[in-house]
Number of protein chains: 2
Amino acid sequence: MSTSALPYRPHNHDACVAQALADARAICQQRNARLTPTRERVLELIWQSHKPLGAYDVLAVLAEDGHNAAPPTVYRALDFLQQYGLVHRIASLNAFVGCTHAGKHHNGMFLICRSCGNVLELTAPDVAKAVSQAASAEAFQPEDVMIEIAGLCPACRANAPHD
Amino acid sequence: MSTSALPYRPHNHDACVAQALADARAICQQRNARLTPTRERVLELIWQSHKPLGAYDVLAVLAEDGHNAAPPTVYRALDFLQQYGLVHRIASLNAFVGCTHAGKHHNGMFLICRSCGNVLELTAPDVAKAVSQAASAEAFQPEDVMIEIAGLCPACRANAPHD
DNA sequence: TTTGCAAATGTTATAATGTTGCAAATTTTC
DNA sequence: GAAAATTTGCAACATTATAACATTTGCAAA
Ligand SMILES: [Zn+2]
Ligand SMILES: [Zn+2]
Ligand SMILES: [Zn+2]
Ligand SMILES: [Zn+2]
């Protein structure tokens with residue numbers, strides 16, 4: 001069962017999603033935030049795909065669910081999930097992925113495979129430090145750091161070595 | 001004269017634009033690319049504003065020029081300018097800025113002030129190295145690195161210290 | 001000069017992404 | 001239970017970007 005869209009590293013993705021949802025519930029409870037059914041469903045949908053999911057992709061699945069939702073429903077849910085660090089928006093793709101470090105204070109850095117579309121979120125302290133120093137050197141006060149790297153993942157490199 | 005929209009650091013912005021255009025002409029000639037009037041005008045408009053300019057902002061100015069352009073005209077010009085490294089697209093803003101390192105091989109890193117809207121492009125070798133190492137550690141082959149940092153520029157920090 | 005081709009532009013329509021505003025429903029608080 | 005706050009439903013709209021095809025332009029070979 002599961003892993004129809006082969007993720008970046010093989011694993012039981014159903015368990016992966018279930019864990020993410022459990023974490024999300026815990027985080028929201030701790031912070032007195034309401035993980036309503038719609039919000040939870042949106043989070044689940046985003047997690048089920050390791051590939052970034054667009055807002056209108058989410059909307060389409062909600063429609064299949066029988067949920068007669070309009071764009072604001074999805075965008076509001078996504079805003080909420082972002083606010084609580086449960087999903088990230090990938091600006092270069094206009095799409096969203098589940099945060100793999102939810103709850104922890106972190107600045108994600110995303111490796112986006114241009115071939116298979118999978119995305120891996122990393123926390124790279126060296127990168128964060130270098131970015132912070134570069135900003136400081138300009139007396140700039142960073143608040144939101146966005147790092148998105150498009151390229152080829154290991155699997156796709158192996159499949160197409162001469163590119 | 002000029003500098004109606006105060007840039008990040010004070011300077012004669014007309015000269016700044018003129019230099020950028022001269023550089024662009026040289027780069028295009030060297031690479032046998034045609035910097036046509038529309039392309040050059042779009043580049044000029046983008047340079048005239050230190051703040052990122054949206055495609056439809058460009059379109060509006062072209063209309064004022066009397067140039068009855070449609071969206072594809074602008075997007076094509078922008079594609080061309082990006083391809084030759086003359087402008088960058090800021091994904092988090094859906095907008096474009098002139099490249100301050102045109103011709104040189106570089107990966108821009110952008111400091112975007114959320115208060116005044118100005119953008120500073122840096123080349124930070126330490127950041128580039130750290131990113132490259134982090135990607136290597138995942139056996140990922142980076143091709144396009146996007147770093148956009150939203151925050152407060154020095155001037156705006158000074159104006160609103162307690163935020 | 002003319003002809004032929006590729007690159008660039010014009011034109012129309014449409015797709016994709018994201019927002020505003022307000023009313024109704026739900027949940028929380030008192 | 002009533003009042004207040006949060007969340008959702010809904011309709012319209014705004015912004016950003018692309019597709020498809022016709023036309024023009026720049027350039028070079030015949
Ligand atoms: Zn994260
Ligand atoms: Zn891949
Ligand atoms: Zn640049
Ligand atoms: Zn500023």
Side-chain angles (χ1 to χ4, degrees), chain A residues 24-25 28-46 49 51-63 65-84 86-97 117 146 148, chain B residues 24-25 28-29 31-46 49 51-63 65-84 86-97 117 146 148 150:
Chain A
R25 280 187 285 262
C28 287
Q29 188 160 26
Q30 206 171 20
R31 300 184 55 183
N32 272 319
R34 292 168 52 198
L35 190 61
T36 61
T38 302
R39 291 167 175 174
E40 184 168 336
R41 178 67 175 138
V42 170
L43 180 59
E44 182 182 23
L45 291 175
I46 286 173
S49 156
K51 319 206 177 188
L53 213 55
Y56 280 76
D57 296 331
V58 172
L59 192 58
V61 182
L62 289 183
D65 281 3
H67 184 314
N68 188 12
T73 299
V74 173
Y75 282 103
R76 289 197 278 236
L78 290 169
D79 285 349
F80 171 89
L81 295 170
Q82 277 189 273
Q83 191 178 334
Y84 286 93
L86 301 172
V87 306
H88 294 289
R89 185 178 129 95
I90 309 292
S92 58
L93 300 175
N94 296 331
F96 299 81
V97 291
M146 211 183 82
E148 300 176 14
Chain B
R25 279 187 284 263
C28 288
Q29 187 159 28
R31 300 183 54 184
N32 271 318
R34 290 173 52 202
L35 190 61
T36 60
T38 301
R39 291 168 175 172
E40 183 167 336
R41 178 66 175 141
V42 170
L43 180 59
E44 182 182 25
L45 291 176
I46 286 174
S49 156
K51 320 206 177 188
L53 213 54
Y56 280 75
D57 297 330
V58 172
L59 193 57
V61 183
L62 289 183
D65 281 3
H67 185 315
N68 187 12
T73 298
V74 173
Y75 282 103
R76 284 170 185 150
L78 290 170
D79 285 348
F80 172 88
L81 296 170
Q82 278 188 270
Q83 191 178 335
Y84 286 93
L86 301 172
V87 306
H88 293 288
R89 186 180 127 93
I90 308 292
S92 58
L93 302 175
N94 295 330
F96 300 81
V97 291
M146 201 195 83
E148 298 177 13

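Below, each value reflects all heavy atoms present in this structure, side chains not excepted, and no hydrogens, waters or symmetry copies. Lettering of chains follows the sequences in order, A, B, ..., and the numbering in each one begins at 1.
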Neighbour count above 12 (heavy atom, 6.0 Å) for B/Q29 CD: no
Rounded interatomic separation in angstrom, taking CG from B/L53 and C1' from D/dT16: 14 Å
With sequence neighbours excluded, residues passing side chain to side chain contact (heavy atoms under 4.5 Å, CB included) with A/A33: A/C28, A/F80, A/Y84
Paired nucleotide for C/dC22 [Watson-Crick or G-U wobble; both distances under 3.5 Å]: D/dG9
Heavy-atom closest contact (A/P71 atom, A/Y56 atom, distance): CG-OH, 3.5 Å
Minimal non-hydrogen separation, A/P52 against A/A95, with atom names: CB-CB, 3.4 Å
Side chain to side chain contact (heavy atoms under 4.5 Å, CB included) involving A/E44 - partner list, sequence neighbours excluded: A/V17, A/L21, A/R41, A/Q48
Close approaches to DNA chain C from residues 54-62 of chain B, in residue order (heavy atom, under 4.0 Å): none
Neighbours of DNA chain D within residues 69-80 of chain B, by heavy-atom distance under 4.0 Å: B/P71, B/P72, B/Y75, B/R76
Minimal non-hydrogen separation, B/V74 against B/A55, with atom names: CG1-O, 3.5 Å
B/N94: side-chain hydrogen bond (donor to acceptor under 3.5 Å, both in side chains) partners, not counting sequence neighbours: B/R89
side-chain hydrogen bond (donor to acceptor under 3.5 Å, both in side chains) contacts in which one or both residues fall within residues 31-40 of chain A, not counting sequence neighbours: A/R25-A/E40
Span of DNA chain C in contact with chain B (heavy atoms, under 4.0 Å): C/dA8 to C/dT12
Which residues share a salt bridge (Lys or Arg N to Asp or Glu O under 4.0 Å) with B/D79, sequence neighbours left out: none
Results of ring pair (Phe, Tyr, Trp, His ring centres under 6.0 Å) for B/Y75 - residues two or more places apart only: none
Taking every non-hydrogen atom, the tightest pair across B/I46 and B/V97: CG2-C, 3.6 Å
Side chain to side chain contact (heavy atoms under 4.5 Å, CB included) against B/A69, all qualifying residues, sequence neighbours excluded: B/L59, B/L62, B/H67, B/T73
Near-strand residues of residues 29-39 of chain A, defined as heavy-atom separation under 4.0 angstrom from DNA chain C: A/R34
Those residues that, when tested against B/A150, pass side chain to side chain contact (heavy atoms under 4.5 Å, CB included) (two or more places apart): A/D144
